[in-house]
Asker: 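Pasting a structure here, questions to come.
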Amino acid sequence: MGALSGVAATAPMFAPRDIPNLISVGRVILVFPVIWALLEQHFGLALVLFLIAGVSDGLDGYLAKRYRWESDLGGILDPLADKFLLISTYLCLGWLGELPVWLVGLVLLRDLVIVTGAVVYNFRVAAFQASPLPISKLNTLLQIVLALLAVVDLGWRALPDGLLSTLVVLVTITTAASGLAYVLQWGRRALRHGRD
């Protein structure tokens with residue numbers, strides 16, 4: 001028993017390099033209070049939680065790069081946490097009537113196509129290594145800005161009429177363009193791999 005307790009004492013529950021991953025897990029858990037705050041129309045709380053999520057996203061990325069704590073798990077957890085938060089927010093905003101249902105459907109469809117394509121490519125063609133395209137980064141940024149401003153419009157201050165509708169158009173265009181870009185890029189890679 002003494003030997004076992006000695007082994008347990010020398011094996012820590014987590015190492016410092018796990019901190020970015022723990023922050024990402026915390027951001028996944030944060031999705032549930034965000035959903036609750038939005039559906040219960042506590043929009044001020046929802047904005048605070050968004051701010052915490054944004055700071056944590058920057059923090060885990062900084063720590064991973066600064067101290068070389070990157071890992072394969074972190075490469076999956078970080079974008080997954082961001083995607084869970086964004087998709088949940090869009091679903092809630094669609095439910096509340098702040099965003100068009102068709103836009104929420106388009107955002108969900110894009111992510112479903114990308115994830116399905118990545119899984120199929122990984123198991124049928126070759127190992128899939130995610131590399132965000134510039135149009136995808138722009139799309140994510142615009143989706144975040146639209147979500148934040150929609151929450152502000154709902155619960156804090158009414159925004160100018162054209163602002164949200166302009167963002168809806170921009171998010172629609174970049175969502176469709178980024179989804180198509182991923183399909184074309186990885187489709188060409190699969191064809192090249194098949195010829196090789």
Asker: To the nearest 0.5 angstrom, please state how far the CG atom of Leu45 sits from the CZ atom of Phe50.
Answerer: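 Going from the CG atom of Leu45 to the CZ atom of Phe50 covers 10.5 Å.
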Asker: Could you give the distance from CG (Leu80) to OG (Ser24), rounded to the nearest 0.5 Å?
Answerer: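 Spacing of CG (Leu80) from OG (Ser24) equals 9.5 Å.
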Asker: Let me check something: any side-chain donor-acceptor pairs from residues 97-115 under 3.5 Å, sequence neighbours excluded? List them with distances.
Answerer:
unit_1, atom_1, unit_2, atom_2, d
Arg110, NE, Ser178, OG, 2.7
Arg110, NH2, Ser136, OG, 3.0
Asp111, OD1, Lys83, NZ, 3.4
Asp111, OD2, Lys83, NZ, 3.4

Asker: Around Phe43, counting heavy atoms of other residues, nucleotides and ligands shown, do more than 12 lie under 6.0 Å from its CZ?
Answerer: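 Counting other residues, nucleotides and ligands, CZ of Phe43 exceeds 12 neighbours.
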Asker: Indicate yes or no: at least one non-hydrogen side-chain atom of Ile23 is less than 4.5 angstrom from one of Leu59.
Answerer: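 Side-chain contact under 4.5 Å: yes.
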Asker: Hydrophobic cluster membership, with links at side-chain heavy-atom distances under 4.5 Å among I/L/V/M/F/W/Y: are Val31 and Val55 in one?
Answerer: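 No, Val31 and Val55 fall in different hydrophobic clusters.
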Asker: When rounded to the nearest 0.5 angstrom, what distance separates CG in Leu63 from CG in Asn21?
Answerer: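 It comes to 11.0 Å.
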Asker: In this structure, would Leu148 and Val48 fall into the same cluster of hydrophobic residues linked by side-chain contacts under 4.5 Å?
Answerer: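 Cluster IDs for Leu148 and Val48 match.
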Asker: If I take atom CG from residue Asp82 and atom CG from residue Asp57, how far apart are they, to the nearest 0.5 angstrom?
Answerer: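 It comes to 4.0 Å.
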Asker: Between Ser88 (side chain) and Leu85 (backbone), is there a donor-acceptor pair under 3.5 Å?
Answerer: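 No, Ser88 side chain to Leu85 backbone: no donor-acceptor pair under 3.5 Å.
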Asker: Roughly how far apart are Leu51 CG and Ser56 OG, rounded to 0.5 Å?
Answerer: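 Spacing of CG (Leu51) from OG (Ser56) equals 9.5 Å.
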Asker: Quick one: are Leu93 and Leu154 in side-chain contact, heavy atoms under 4.5 Å?
Answerer: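 Yes. Closest side-chain heavy atoms under 4.5 Å.
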Asker: Are any of the side-chain heavy atoms of Arg27 and Ile52 separated by less than 4.5 Å?
Answerer: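 Not touching, per the 4.5 Å side-chain cut-off.
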Asker: Just so I know, are the side chains of Leu146 and Leu142 near enough to count as touching, which here means a heavy-atom distance under 4.5 Å?
Answerer: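 Side chain of Leu146 against side chain of Leu142, heavy atoms only: no contact under 4.5 Å found.
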Asker: Name the atoms and distances for all side-chain donor-acceptor pairs under 3.5 Å in residues 167-174, with sequence neighbours left out.
Answerer:
unit_1, atom_1, unit_2, atom_2, d
Thr172, OG1, Val168, O, 2.7
Thr174, OG1, Asn139, ND2, 2.9
Thr174, OG1, Leu170, O, 2.9
Thr174, OG1, Val171, O, 3.3

Asker: Taking Trp95 as the starting point, is it possible to reach Ile35 by hopping between hydrophobic residues whose side chains are less than 4.5 Å apart?
Answerer: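 Same cluster.
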Asker: Write out all pairs satisfying ring pair (Phe, Tyr, Trp, His ring centres under 6.0 Å) with one or both partners inside residues 15-39, taking only residues at least two apart or from two chains.
Answerer: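 For residues 15-39: Trp36-His42.
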